[in-house]
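A short worksheet on the structure shown next.
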Amino acid sequence: MRAIFLVCCCFLFTCSYSQNKIFEYQNKIEQLKKNGDTLSLNYTILLDDIGEFYYNQNNYSHAEIFFKKSLQIKKEIIGENHGEYVYSLNNLGALYGQLGQYLEAEKLLLKSLKIKSGISGNNYNQYLKTLENLAIIYAQQGKYSMAEPMFLDNLNKIESIYGQKSQEYLSTLGKVAFFYQNKGEFYKSESMLLKIIEITKDYLGEFNLNFSNAIDRLAQLYRLQGKYSEAERLFLQSLTIRKNILGEKNKEYISSLNNLASIYQSKNNYSKAEELYLKVIEIYNLIIDVSKRDNDYAVYLNNLASIYDDQGKFFEAQKLYKEVLSIKKNIFGDKSLSYSITLKNLALSYREQGNFLEAEKLFLESLNIKEKVLGVNHQSYILNLLNLAVLYRQSSNYEKSLYYLEEFMKTNMARIKDDVLNLSEKEILQYTDYNNSVFSSPLSFIYEFSKYNSLNKLYFENELFLKNLSLSNNLRLKNLIKNENSNELKDKFDLFLENKKQIQKLEEIPFSNRPKNLSSLKIKTEQIEKELIKESAAFAKNEKSLSVKFDHVKARLSKNEVTINLVNFNYFKKRATVNIIYAAFVTKKDSKFPQFIPLFEEKQLNTIL
């Protein structure tokens, strides 16, 4: 299934409003030019306003023109060591981040932070905004270990300035929740979203757009977790609020329709989902001029296309994907991450249809863009390798399929090694659960084509690595206490153990009666665990302890000994099936590769049990 995109709109721009605003800006520019006032701060502030106007309408090419012009004039008249110059750097950096030009965005935002640190004055809010934008840039690239401390630092600073009951705090908390959602740490995201809902309800009640947006975000999280009943209830509640306040002919209402349709699609109720997606596009076309179609419209077309794919209506789906490509090319360019994602969706449609040549061309183009924009260690790039492996397997090009499977597994393990060093035990378990699910395709390949022994060895070593992660984490904590002579670390470890015991007791209480502070206690305890791991001298030895290879296993065996590693997986043909297969990797002293031995299917086991 193609990715279903959810939308949470906060602003409504009608065509007449846009046109009136453009005329207003043009008149102001003409007046300043008439007065010879084009090299002043007033002129640059107007350029900033126009740039932000176009930015909010997703007209990034126009926004870039005005942001760059403003930056250039400010450099000439006030120099770089000024808050207004920093403001323009931040605007342009945020724009490039939105366009997926992450290196350029990072360069501008880091420069902004550096200049701001040397400027005195009351521009602290500007500093915080830059910090937040930089965290977002890192998160979009999958650099979670760099983004997380920035998000949390920014959140703490916002809280100390404005307090928890402020719009500034709630907005920032929502962004941190979204970060954890994308990172896959759903329990952290849920805790933060529930806090936003609670504060909003206490101070504004339930009949307002802020509350509607808050429950909409929680519903999106529940959908990702497969909690469709809870998500549907919240989406319907949000839809009702928006309809009663704004009516139907607005962006917020149709974003709710889109999100509700995504639930029906996830529940395989394709007719209901298609009906709602078509209604979304119908209303959108009534309120937005054809020339003003933005990324939201591209999202709605993409979702309708995905419904057609799910129903095998490939020609209809591909027509829509091509329209999405055209829109995204106009907005972001054809070298952007957003464009590459639609290329991938179109490639998946061709693959499902059996048009392997067209699918191959698009997958490779998408892979090339992601490599340049994100690098080879980003999850999106890595999953594209797996998509190509599946394509070549379906088209019976087994040598190429093997090549991309091996690249996928090697690159994925390299990414995990970079990420796990500072992870808590819970996060490590999430990593292993995720990777076990994506490895169903390599195991299915091994199951079908046992002659490709190099893949057996690579999978075997990856399996050892994943199994050792949690064990290695516990050993690091034990070594920390045993080897370190630090009272501070010992006290921290005692607090960690005490919190773990308290959490265990609280989780024995029925869910409805559990105290509200349980989620925050879990988050604090996990943060202590990360600090312990990071401050341990044993940490430096961790890489070696995780690098257990096939040859190491053989070396420990005597002549008559064998190791047996059991695995189970959902058999993957064209797509994942419900058939769960159990198998074993057997290693002897003289084995050149682990021998893969299929054992039985789960349905056979169920007949015995």
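The structure displayed is predicted, hence computed values, not measured ones.
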[X]-[Y] side chain donor-acceptor pair, cut-off 3.5 Å:
X: Asp216; Y: Gln220; result: yes
X: Gln167; Y: Tyr162; result: no
X: Lys165; Y: Tyr203; result: yes
X: Ser189; Y: Arg217; result: no
X: Lys328; Y: Ser338; result: yes

Has [X] got a side-chain atom pairing as donor or acceptor with [Y]'s backbone, closer than 3.5 angstrom?
X: His378; Y: Glu371; result: no
X: Arg223; Y: Ala231; result: no
X: Gln311; Y: Ile307; result: yes
X: Thr172; Y: Glu168; result: yes
X: Arg242; Y: Ile254; result: no
X: Asn208; Y: Leu204; result: yes
X: Ser266; Y: Ser262; result: yes
X: Ser238; Y: Phe235; result: no
X: Ser191; Y: Lys188; result: no
X: Asn302; Y: Ala298; result: no

Is a salt bridge present between [X] and [Y], judged by a nitrogen-to-oxygen distance below 4.0 Å?
X: Lys129; Y: Glu132; result: yes
X: Glu230; Y: Lys227; result: no
X: Glu232; Y: Lys267; result: yes

Mutual orientation of the aromatic rings belonging to Tyr300 and Tyr284 [parallel < 30°, tilted 30-60°, perpendicular > 60°]: perpendicular

Hey, is [atom1] on [X] packed in by over 12 heavy atoms from elsewhere, all under 6.0 Å?
X: Lys524; atom1: NZ; value: no
X: Phe178; atom1: CZ; value: no
X: Lys329; atom1: NZ; value: no
X: Lys175; atom1: NZ; value: yes

Give a yes or no on whether the ring-centroid distance for [X] and [Y] is below 6.0 angstrom.
X: Tyr228; Y: Tyr222; result: no
X: Phe151; Y: Phe179; result: yes
X: Tyr180; Y: Phe186; result: no

Which atom names give the shortest non-hydrogen contact between [X] and [Y], and what distance separates them?
X: Lys201; Y: Glu206; value: CE-OE2, 2.9 Å
X: Asp310; Y: Gln265; value: OD2-NE2, 2.9 Å
X: Ala105; Y: Gly93; value: CB-O, 3.2 Å
X: Phe408; Y: Leu386; value: CD1-CB, 4.0 Å
X: Leu113; Y: Leu134; value: CD1-CD2, 3.7 Å
X: Lys251; Y: Ile288; value: CE-CD1, 4.1 Å

Nearest-0.5 Å distance, [atom1] of residue [X] to [atom2] of residue [Y]:
X: Leu173; Y: Ile199; atom1: CG; atom2: CD1; value: 7.0 Å
X: Glu407; Y: Asn412; atom1: CD; atom2: CG; value: 12.0 Å
X: Leu152; Y: Asn156; atom1: CG; atom2: CG; value: 6.5 Å
X: Tyr264; Y: Asn259; atom1: OH; atom2: CG; value: 12.5 Å
X: Ile241; Y: Leu246; atom1: CD1; atom2: CG; value: 11.0 Å
X: Leu325; Y: Leu320; atom1: CG; atom2: CG; value: 11.5 Å

Full working for side-chain hydrogen bond (donor to acceptor under 3.5 Å, both in side chains) between Tyr277 and Lys272: CA-CA 9 Å; Tyr277 283 141; Lys272 184 65 175 176; over 6 Å; no

Gln527 vs Ile523, side chain to side chain contact (heavy atoms under 4.5 Å, CB included): CA-CA, chis, key distance, verdict: CA-CA 6 Å; Gln527 187 59 38; Ile523 293 172; 5.7 Å; no

Validation row: [X], [Y] side chains within 4.5 angstrom (heavy atoms):
X: Tyr321; Y: Leu343; value: no
X: Asn213; Y: Thr200; value: no
X: Glu352; Y: Asp309; value: no
X: Ile137; Y: Tyr96; value: no
X: Ile161; Y: Leu128; value: yes
X: Asn384; Y: Ser366; value: yes
X: Leu257; Y: Ile283; value: yes
X: Asn295; Y: Ile327; value: no

Side chain to side chain contact (heavy atoms under 4.5 Å, CB included) between Glu104 and Leu108, worked out: CA-CA 6 Å; Glu104 188 63 29; Leu108 291 172; 4.2 Å; yes

Verdict with reasoning, Ser255 to Asp296, per side chain to side chain contact (heavy atoms under 4.5 Å, CB included): CA-CA 9 Å; Ser255 78; Asp296 287 346; over 6 Å; no

Full working for side chain to side chain contact (heavy atoms under 4.5 Å, CB included) between Tyr404 and Leu391: CA-CA 10 Å; Tyr404 279 103; Leu391 168 71; over 6 Å; no

side-chain hydrogen bond (donor to acceptor under 3.5 Å, both in side chains) assessment of Asn90 paired with Thr130: CA-CA 6 Å; Asn90 187 59; Thr130 305; 3.2 Å; yes

Step-by-step side-chain hydrogen bond (donor to acceptor under 3.5 Å, both in side chains) determination, Ser340 to Lys370: CA-CA 7 Å; Ser340 75; Lys370 288 179 179 178; 4.8 Å; no

